[in-house]
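A quick write-up on the structure given underneath.
Numbers here are sequence positions counted from 1.
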Amino acid sequence: ECTIKVRDRGTGIPPEIQPYIFLPGFSTKEEGTGQGLFIIKKIIENINGSITFETSEQGTTFIIKIPLAP
């Protein structure tokens with residue numbers, strides 16, 4: 001498999017919203033549709049991959065794992 005990590009240096013994702021970040025329509029911003037992470041997760045899962053995240057007050061890292069072609 002291939003592992004891709006995307007990290008930011010923001011303030012992290014608060015614990016109370018972590019269960020919702022991959023849900024359709026969820027957003028913490030006034031603009032946008034809240035579809036981005038939902039769509040990305042579905043695309044990755046459709047190729048038998050996974051996306052998870054680790055977060056702290058120093059930022060968030062999204063970890064994407066996708067299978068390699070045979």
Side-chain angles (χ1 to χ4, degrees):
E1 72 182 6
C2 175
T3 301
I4 303 164
K5 294 183 178 183
V6 179
R7 178 177 31 175
D8 71 24
R9 295 179 196 232
T11 58
I13 302 169
E16 61 271 14
I17 68 169
Q18 291 178 16
Y20 308 106
I21 66 166
F22 292 112
L23 295 179
F26 179 77
S27 179
T28 59
K29 300 177 182 177
E30 291 186 24
E31 296 181 10
T33 62
Q35 298 298 314
L37 286 174
F38 170 72
I39 291 170
I40 293 299
K41 185 173 192 271
K42 290 299 171 192
I43 291 169
I44 292 168
E45 288 176 344
N46 282 342
I47 59 170
N48 297 316
S50 66
I51 180 170
T52 58
F53 66 93
E54 298 171 350
T55 190
S56 72
E57 293 178 359
Q58 289 76 42
T60 300
T61 302
F62 283 89
I63 303 123
I64 302 165
K65 295 184 178 186
I66 53 175
L68 295 175

**OP:** State plainly whether one hydrophobic cluster holds both Y20 and F38, where clusters connect Ile, Leu, Val, Met, Phe, Trp and Tyr through side-chain heavy atoms under 4.5 angstrom apart.
**Re:** no
Original post:
Can you check side-chain contact (heavy atoms from CB on, under 4.5 Å) on I17 and F26, steps first, answer last?
Top reply: CA-CA 9 Å; I17 68 169; F26 179 77; 3.8 Å; yes
Subject >> Option among I63, I44, I64 that satisfies the side chain to side chain contact (heavy atoms under 4.5 Å, CB included) test with I4 >> reply: I64
Subject >> More than 12 heavy atoms from other groups under 6.0 Å of CD on E57 >> reply: no
**OP:** State the OG1-CD distance between T60 and Q18, to the nearest 0.5 angstrom.
**Re:** 8.0 Å
Original post:
What is the minimum heavy-atom distance between G34 and S27, and which atoms define it?
Top reply: CA-CB, 3.9 Å
**OP:** Quick one: list whatever passes ring pair (Phe, Tyr, Trp, His ring centres under 6.0 Å) with F22, sequence neighbours left out.
**Re:** none
Original post:
Do L23 and I21 sit in the same hydrophobic cluster, where Ile, Leu, Val, Met, Phe, Trp and Tyr count as joined when their side-chain heavy atoms come under 4.5 Å apart?
Top reply: yes
Subject >> Any E45 side-chain heavy atom under 4.5 Å of S50 side chain >> reply: no
Original post:
For the residue pair I47 and P67, what are the closest heavy atoms and their distance?
Top reply: O-CG, 3.1 Å
Original post:
Is any side-chain heavy atom of F62 less than 4.5 Å from a side-chain heavy atom of D8?
Top reply: no
Original post:
To the nearest 0.5 Å, how far apart are CG in L68 and SG in C2?
Top reply: 6.0 Å
Original post:
Do you see a donor-acceptor pair shorter than 3.5 Å between the side chains of Q58 and S56?
Top reply: yes
Subject >> Least distance between heavy atoms, G12 atom then P14 atom >> reply: O-CD, 3.6 Å
**OP:** Could you go through the side-chain contact (heavy atoms from CB on, under 4.5 Å) check for T61 and V6 one step at a time?
**Re:** CA-CA 5 Å; T61 302; V6 179; over 6 Å; no
Subject >> Spacing of NZ belonging to K42 relative to CG belonging to L37, to within rounding of 0.5 Å >> reply: 12.5 Å
Original post:
Do I51 and F53 belong to the same hydrophobic cluster, where Ile, Leu, Val, Met, Phe, Trp and Tyr are linked whenever their side-chain heavy atoms lie under 4.5 Å apart, directly or via other members?
Top reply: yes
Original post:
What distance do N48 atom CG and E1 atom CD have between them, rounded to the nearest 0.5 Å?
Top reply: 11.5 Å
